[in-house]
Amino acid sequence: MSFPPAGITDHEWDATPPGVRALVEQLMSRIAQLEEQKGRSSRNSSKPPSSDGNGFKPSGEEKRKASGSKRGGQEGHPGASRNLLPSEQCKEVIPHVPTTCRGCGEALCGEDPDPHRHQVVDIPKIAPFVIEHQLHRLICPHCHTTTCAELPVGVESGSFGPQLSAMVGLLGGTYHLSHRKVRSLLDQVLGVEISTGSINAIRCRLSESLATLVEEATDAIRQEKVAHLDETGGPIGNADGNNPGKKRGWLWVMVTPALTVFHLALSRSGDMARQVLGEAFAGVVVTDRWGAYNWLPLHRRQICWAHIKRDFTAMAERSGASAQVGQRLLKLEKQLFEQWHRWREGQINRQELKTFTTPIRQEIEKVLHQASDLGFVKGEKTPWASTVRSCREILKVAPALWTFLEHPDVEPTNNAAERALRPAVIHRKLSYGVQSQRGALCQSRLLTVTTSLKQQGRDVMAFLVDAWEAHKNGQPAPSLLSQCD
């Protein structure tokens, strides 16, 4: 340590025995590590926002000043109201005509050609309809052979029809309900008694109906020029014996503007990243700095600047020289994104974006190199050592920080993939993951279809019904690609 602890003069520090000085340095380093660990949040590390807790506020952030305005819509704000249905589409129209004047009590007659319309929306009591098929069994009077009638072609062989089956898939895939919550909702709202085992069987059959179209979407997304890739923990149980080592599951996601494909696996390795992305993928991949993507050439990567900003924030929240380095890098990062937002809003063109960001890029790399060159003692675990390590790791992928400046279709952050994973993370917290490889495949297919349909603005319920019917009748499944062109 090149400086004395707070409250100790240089003379006192120089007079301190070497053994005591070493112990103080060790303890102060440990205190700094613990303080940094305590201050970790989604703002300065890879921790998810849900771990920040209620009322979390980043250190050093100023309180937002009160605007002085009242709550609610402000003056000049366009109001929002429910659109009324045409009268002829209402189930019932009841006219209310006053009979006496509210001023003098004189009798009134006639009709208002433009009455005030007040509509009350409600839903009827929901009750499932059941169609019973009676299969008669008759005995031949000649040979005494028993013959039973068969279900006509097109009649559902299971106990639940396509609409109810699609509803089960919708509740689990889009609304993230567990099997037990789906069972409870169907019972209380629709009056349908169904077991969790039947719900699981429906989801598995629905998964089979989605298999070919998910494969088609996966092949299509691997042909795109840009893809966002990310992963998060997704527990997989050993109910089917395929995970005896109780490995942690990982949910991978690959995102493009029109498609999102999920893959639930037992690995977070580079080999799994290759498998998810596909060996033939030749476009640019937007990722974080996780080592599983290091096999990709840097000119085909864009490192997420949201993650880089977290690294800079962690440096800025440390003490001493680390804070100076971090604060400088945060200022430069802010300047960089100011220029990028100007380009996105059409205020500058691509060439101007490159021109204006060139000195910012040079200064960022200069600061990173300066911190890296200062170095630290081998084995040191001080805040400054953490800062140097971060700078060196960022410099290893430095060319991939600026890919978005060369390709207008490339975003500088991986927010698209993180947004796609967020609903899956919520589902995991509500249902504690899946219990088998079959369940993992079912979950990934449902997430792929429901998320992609939402991106395309398509009706998820209608699509699942069509997929179920097509699978039942041996017809081609509907496509997720019909609106991707």
Side-chain angles (χ1 to χ4, degrees), residues 72-73 78-97 111-112 114-133 154-207 209-210 422-424 426-427 429-431 442-443 445-447 449-472 478 480 483:
S81 59
R82 180 173 58 88
N83 295 324
L84 298 178
L85 288 175
S87 298
E88 55 271 18
Q89 293 184 16
C90 296
K91 180 180 180 181
E92 187 176 3
V93 177
I94 305 175
H96 300 281
V97 182
E111 292 184 353
D112 182 355
D114 186 23
H116 173 73
R117 301 167 65 210
H118 173 71
Q119 294 184 353
V120 179
V121 180
D122 203 352
I123 58 175
K125 182 178 179 180
I126 302 174
F129 66 86
V130 180
I131 299 175
E132 179 178 329
H133 297 268
V155 174
E156 185 64 52
S157 59
S159 300
F160 305 100
Q163 294 285 344
L164 180 58
S165 300
M167 176 70 74
V168 169
L170 183 73
L171 294 174
T174 301
Y175 298 105
H176 322 304
L177 299 187
S178 65
H179 285 24
R180 287 182 174 81
K181 288 185 177 180
V182 171
R183 181 187 66 181
S184 177
L185 186 146
L186 293 178
D187 181 25
Q188 297 181 27
V189 178
L190 302 183
V192 175
E193 294 185 7
I194 187 171
S195 67
T196 54
S198 294
I199 290 173
N200 186 64
I202 289 174
R203 285 168 57 90
C204 290
R205 184 176 169 186
L206 190 59
S207 170
S209 72
L210 303 177
R422 193 168 298 136
I426 294 173
H427 185 276
K429 290 180 178 293
L430 294 174
S431 61
C442 174
Q443 181 69 7
R445 286 173 178 170
L446 278 173
L447 284 171
V449 171
T450 55
T451 306
S452 296
L453 291 173
K454 183 179 179 181
Q455 283 177 271
Q456 300 171 21
R458 298 167 67 182
D459 189 327
V460 178
M461 181 73 176
F463 186 94
L464 293 178
V465 171
D466 291 343
W468 182 278
E469 291 277 18
H471 182 68
K472 178 184 69 175
L480 287 174
Q483 296 185 12

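As the structure is a computational prediction, the values presented were derived from the model and not from experiment.
- A distance of 5.5 Å separates CG in Leu185 from CG in Leu171, rounded to the nearest 0.5 Å.
- Under a 3.5 Å cut-off, the side chain of Arg445 and the backbone N or O of Ser207 do form a donor-acceptor pair.
- Within a 6.0 Å sphere centred on CD of Glu193, other residues, nucleotides and ligands contribute 12 heavy atoms or fewer.
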Please evaluate residues Leu464 and Leu210 with respect to the criterion side-chain contact (heavy atoms from CB on, under 4.5 Å), reporting the C-alpha separation (whole Å), side-chain torsions for both, the decisive distance (0.1 Å), and the verdict.
CA-CA 8 Å; Leu464 293 178; Leu210 303 177; 4.3 Å; yes

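- The environment of Ile126 atom CD1 is dense: over 12 non-hydrogen atoms of other residues, nucleotides or ligands sit within 6.0 angstrom.
- Residues Gln455 and Thr451 bring no donor and acceptor atom of their side chains to less than 3.5 Å of each other.
- Between Val192 and Asp187, the closest side-chain pair of non-hydrogen atoms is not below 4.5 Å.
- Taking all atoms of both residues into account, the shortest heavy-atom contact from Glu156 to Pro162 is OE1-CD, 4.2 Å.
- Counting all heavy atoms, side chain and backbone alike, Ser209 lies closest to His471 at CB-CB, 3.4 Å.
- Evaluated for a side-chain contact (heavy atoms from CB on, under 4.5 Å) with Cys204, the options Leu206, Asn200, Ile202 yield exactly one hit, Asn200.
- Looking at every heavy atom in both residues, Ala424 comes nearest to Leu447 through CB-CD1, 4.1 Å.
- The side-chain heavy atoms of Asp466 and Pro478, taken from C-beta on, include a pair separated by under 4.5 Å.
- Atom CZ of Arg180 sits about 11.5 Å away from atom OG of Ser195, to the nearest 0.5 Å.
- The line from CZ of Arg205 to OG of Ser157 is 5.0 Å long, rounded to the nearest 0.5 Å.
- Note that NZ of Lys91 is 14.5 Å distant from CD of Gln119, once rounded to the nearest 0.5 Å.
- Defined by atom type and a distance below 3.5 Å, a donor-acceptor pair is missing between the side-chain atoms of Thr196 and Arg183.
- Counting only heavy atoms from C-beta outward, the side chains of Leu453 and Asp459 never approach each other to under 4.5 Å.
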Kindly indicate, with the supporting measurements, whether the criterion side-chain contact (heavy atoms from CB on, under 4.5 Å) is fulfilled by Phe463 and Leu480.
CA-CA 9 Å; Phe463 186 94; Leu480 287 174; 3.9 Å; yes

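- To the nearest 0.5 Å, the span separating NZ on Lys181 from NE2 on His176 amounts to 11.5 Å.
- With rounding to the nearest 0.5 Å, the separation of OG1 in Thr174 from CE in Met461 is 10.5 Å.
- Between Arg203 and Leu446, the shortest heavy-atom distance links the atoms NH1-CD1, 3.6 Å.
- Considering every non-hydrogen atom in both Phe160 and Trp468, the closest pair reads O-CZ2, 4.2 Å.
- The two atoms that bring Gly173 and Thr450 nearest to each other are O-OG1, 3.5 Å, heavy atoms only.
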